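Given the structure is predicted, the values throughout are model-derived calculations rather than measurements. Positions are given from 1 along the sequence.
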Amino acid sequence: MSTMDIHKILKKLPHRYPFLLVDRVLSIDKGKSIRALKNVTINEPFFEGHFPHRPVMPGVLMLEALAQAAALLSFDALDAQPTDDMVYYFAGIEAARFKRPVEPGDQLILEAELLRMKAGIFKFKVRALVDGDLAVEAELTCAMRKVS
């Protein structure tokens with residue numbers, strides 16, 4: 001099992017502020033699963049409009065954070081480094097269920113389990129927790145593709 005600090009994450013993901021949504025990788029079980037975290041702070045730009053009277057992290061951004069964690073698992077499973085001509089896309093989201101709001105001050109624990117990978121297509125079972133409580137769960141399909 002290995003970990004990644006923000007410096008290693010920045011080498012693996014093309015995302016940058018305000019769209020990098022993984023702060024640390026707590027553990028990776030190669031080719032099987034990842035556990036990462038996102039510290040949710042009031043400084044996030046989306047809180048200004050979602051919602052000013054009761055800030056809540058948008059569900060689509062929780063799914064994006066899970067997809068970023070899944071991408072880190074994919075690159076690790078393949079022993080691959082991302083390149084400028086490679087893009088990691090969402091290909092599908094199934095059975096997404098939101099169970100609790102995520103608010104400033106929460107620590108979102110991101111978990112992804114690799115169900116299968118074939119020809120650059122990856123299927124994951126994902127979930128995010130706050131203080132051990134389920135915030136969101138889904139199945140994600142992602143595709144790694146070369147672009148010109």
Atom [atom1] in [X], atom [atom2] in [Y]: separation rounded to 0.5 Å?
{"X": "L110", "Y": "L73", "atom1": "CG", "atom2": "CG", "value": "12.5 Å"}
{"X": "L114", "Y": "S33", "atom1": "CG", "atom2": "OG", "value": "9.5 Å"}
{"X": "K125", "Y": "L66", "atom1": "NZ", "atom2": "CG", "value": "12.0 Å"}
{"X": "E111", "Y": "L37", "atom1": "CD", "atom2": "CG", "value": "11.5 Å"}
{"X": "Q68", "Y": "D23", "atom1": "CD", "atom2": "CG", "value": "10.0 Å"}
{"X": "E48", "Y": "I42", "atom1": "CD", "atom2": "CD1", "value": "10.0 Å"}

What I'd like to find out is whether the side chain of [X] reaches to under 4.5 Å of the side chain of [Y], using heavy atoms alone.
{"X": "M57", "Y": "E103", "result": "no"}
{"X": "V130", "Y": "L108", "result": "yes"}
{"X": "D106", "Y": "R100", "result": "yes"}

Has D84 got more than 12 heavy atoms of other residues, nucleotides or ligands less than 6.0 Å from its CG?
->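 Atom CG in D84 is not crowded, with 12 or fewer foreign heavy atoms closer than 6.0 Å.
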Open item on the list: Would you say that more than 12 heavy atoms from the other residues, nucleotides or ligands in this model lie under 6.0 Å from the CZ of R54, or not?
Closed with: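 Incorrect, the count does not exceed 12.
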If hydrophobic clusters are built from ILVMFWY residues whose side chains come within less than 4.5 Å, do [X] and [Y] share one?
{"X": "F124", "Y": "L78", "answer": "yes"}
{"X": "I28", "Y": "F122", "answer": "yes"}
{"X": "F75", "Y": "L20", "answer": "yes"}
{"X": "V126", "Y": "L129", "answer": "no"}
{"X": "V40", "Y": "F19", "answer": "yes"}

TODO: Verify side chain to side chain contact (heavy atoms under 4.5 Å, CB included) between L26 and I109, making sure each step is shown before the conclusion.
DONE: CA-CA 9 Å; L26 303 171; I109 301 298; 4.1 Å; yes
If you take all heavy atoms of [X] and [Y], which pair is closest and at what distance?
{"X": "Y17", "Y": "N43", "result": "OH-O, 4.1 Å"}
{"X": "P55", "Y": "P104", "result": "O-CD, 3.6 Å"}
{"X": "R145", "Y": "A119", "result": "NH1-O, 3.4 Å"}

Q: Have a look at N39 and tell me which of E44, Q107, R24 forms a side-chain contact (heavy atoms from CB on, under 4.5 Å) with it.
A: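 Exactly one option meets the side-chain contact (heavy atoms from CB on, under 4.5 Å) with N39, and it is Q107.
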Review item, side-chain donor-acceptor pairs of residues 85-96, under 3.5 Å, at least two apart:
from: D85; atom 1: OD1; to: T83; atom 2: OG1; distance (Å): 2.5
from: Y88; atom 1: OH; to: S74; atom 2: OG; distance (Å): 2.8
from: E94; atom 1: OE2; to: K123; atom 2: NZ; distance (Å): 2.8

*Going through the checks in order, is the side chain to side chain contact (heavy atoms under 4.5 Å, CB included) test met by D79 and K30?*
CA-CA 9 Å; D79 288 319; K30 189 169 200 63; 2.8 Å; yes
Could you label the plane-to-plane angle of the F51 and H53 rings as parallel, tilted or perpendicular, counting under 30° as parallel and over 60° as perpendicular?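 Tilted: the ring planes of F51 and H53 meet at 30° to 60°.
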| query | Has the side chain of D131 got a donor or acceptor atom that lies under 3.5 Å from a matching backbone atom of D133? | reply |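 Judged by distance alone, no pair lies under 3.5 Å.
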Inset, instruction - Identify whether the distance between the nearest side-chain nitrogen and carboxylate oxygen of R127 and E113 falls below 4.0 Å. - result: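 Here R127 does not pair with E113 in a salt bridge, since their nearest N and O are not under 4.0 Å apart.
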- Query: Quick one: do R35 and D29 make a salt bridge, cutoff under 4.0 Å?
  - Reply: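 The answer is no: the pair does not qualify as a salt bridge.
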